[in-house]
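What follows is a single structure, written as structure tokens, with notes after it.
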Amino acid sequence: MDVYGLIGNPVEHSLSPPMHEAAYEELGLDARYVTFEPAPDAAGEAITGASALGVRGLNVTIPFKRDVLEHVETDDLAARIGAVNTIDFASAEGEPGDDGGSGPNPEAPRPRGYNTDAAGVRRAFAHHDVTLSEAEAVVVGAGGAGRAVAFALADAGASVHVANRTAERAEALAEEVPGATGGGLETLAARVPEADVLVNATSVGMESDETPVDAELLSEDLAVLDAVYSPIETRLLREADAAGARTIDGAWMLLFQGVEALEIWTGEDAPVEAMNRALRAELAEDE
Ligand code: NAP
């Protein structure tokens, strides 16, 4: 049996196990997806331990997404984002990983680290027939999700404006993303009406019925993705829908980051429909 899993702290409310196990069932794979909760300072030990136990792949969530960078071979996109959410141990297979049994071999290949949140954004838009190439995109938020979204959109050919409550953070991110601009939330008033694509990558809307973008800035010319997936229908999406915009909820991003991870691990095309059904059933139970 192949073991995959998630490291995070906490992980008890993770939606990933049912989503991945639905895929294993659909693909006829003898595999399980398990959640692990290492101590917050134990990312390295967790990866070494998982590798020793033959775990084939791990997703990584808060607070470990940055910490694992130094323990894996990071792919280019994950390095630019500065965070890893998927580790593939197959890349380190086939090597003894020791020096004859007395200790670890520093030359042994390390597992590969990816950031599939970025692919999740790109594939969520593609699934909804939204073209990112040459689109004007506004990203609200410059935290972990904001970084993944900004790089994903820029790599897909969009020109990106990042707006964040802490303007300096948006400006710093914009300096790293090719062609991007950045500023405070007050820049939304000028940028959103000109945009084709809007992404909320803040946590606003998660705990209360708030939105980071004024409803009067929204129009039918926009495609709006909210990274927040709990609740599934945020105030931003409600107001975007009322304005005639195309809306994409955060479960799509979550789904496609999982789809991408599964495809990296197994080399098979993911059964997107089955994974989507399982994810939405779990979300409905939580709501
Ligand atoms: P994070 O690194 O902590 O960043 C939080 C972001 O939200 C920052 O930009 C922060 O601005 C902003 N923010 C927080 N409270 C705010 C407020 N009251 N007003 C305005 N801005 C505020 O968190 P994260 O990991 O990026 O996650 C952000 C959201 O994305 C969460 O809801 C998370 O669940 C979601 N997410 C979804 C997916 C998915 O697959 N759908 C994947 C990853 C994350 P400052 O910089 O000014 O603090």
Just so I know, are the side chains of [X] and [Y] near enough to count as touching, which here means a heavy-atom distance under 4.5 Å?
X      : Y      : result
Arg56  : Phe89  : no
Val213 : Asn200 : no
Glu260 : Thr86  : no
Arg280 : Ile232 : yes
Trp265 : Leu29  : no
His161 : Thr187 : yes
Phe64  : Ile47  : no
Arg123 : Val259 : yes

Determine all donor-acceptor pairs shorter than 3.5 Å in which one atom belongs to a side chain in residues 66-73; sequence neighbours excluded.
| unit_1 | atom_1 | unit_2 | atom_2 | d |
| --- | --- | --- | --- | --- |
| Arg66 | NH1 | Gly82 | O | 3.1 |
| Glu73 | OE2 | Arg110 | NE | 3.4 |

Aromatic ring proximity, centroids under 6.0 angstrom, Phe256 and His127: yes
What's the spacing between Arg191 CZ and Leu185 CG if we round to 0.5 Å? 13.5 Å
Name every donor-acceptor pair, under 3.5 Å, that has one atom in a side chain of residues 143-154 and the other anywhere in the protein, sequence neighbours excluded.
| unit_1 | atom_1 | unit_2 | atom_2 | d |
| --- | --- | --- | --- | --- |
| Arg147 | NE | Ile81 | O | 2.6 |
| Arg147 | NH1 | Glu176 | OE2 | 3.2 |
| Arg147 | NH2 | Arg80 | O | 3.1 |
| Arg147 | NH2 | Ile81 | O | 3.3 |
| Arg147 | NH2 | Glu176 | OE1 | 2.7 |

Plane angle bin for His20 and Tyr33 - parallel if under 30°, tilted between 30 and 60°, otherwise perpendicular: parallel
Report the residues that fulfil side-chain hydrogen bond (donor to acceptor under 3.5 Å, both in side chains) with Asp129, sequence neighbours left out, ordered by chain and then residue number. none
How far apart are the closest heavy atoms of Asn115 and Ala83, and which atoms are they? ND2-O, 3.0 Å
List the atom of Ala270, the atom of Met275, and the distance in Å for their closest heavy-atom pair. CB-SD, 3.9 Å
Salt-bridge test for Arg235 and Glu210: reply yes if a basic N is under 4.0 Å from a carboxylate O, no otherwise. no
Between the side chains of Thr234 and Asp226, does any donor sit under 3.5 Å from an acceptor? yes
Given Phe36, which of Val11, Asn9, Ile7, Leu6 fulfils the side chain to side chain contact (heavy atoms under 4.5 Å, CB included) condition? Ile7
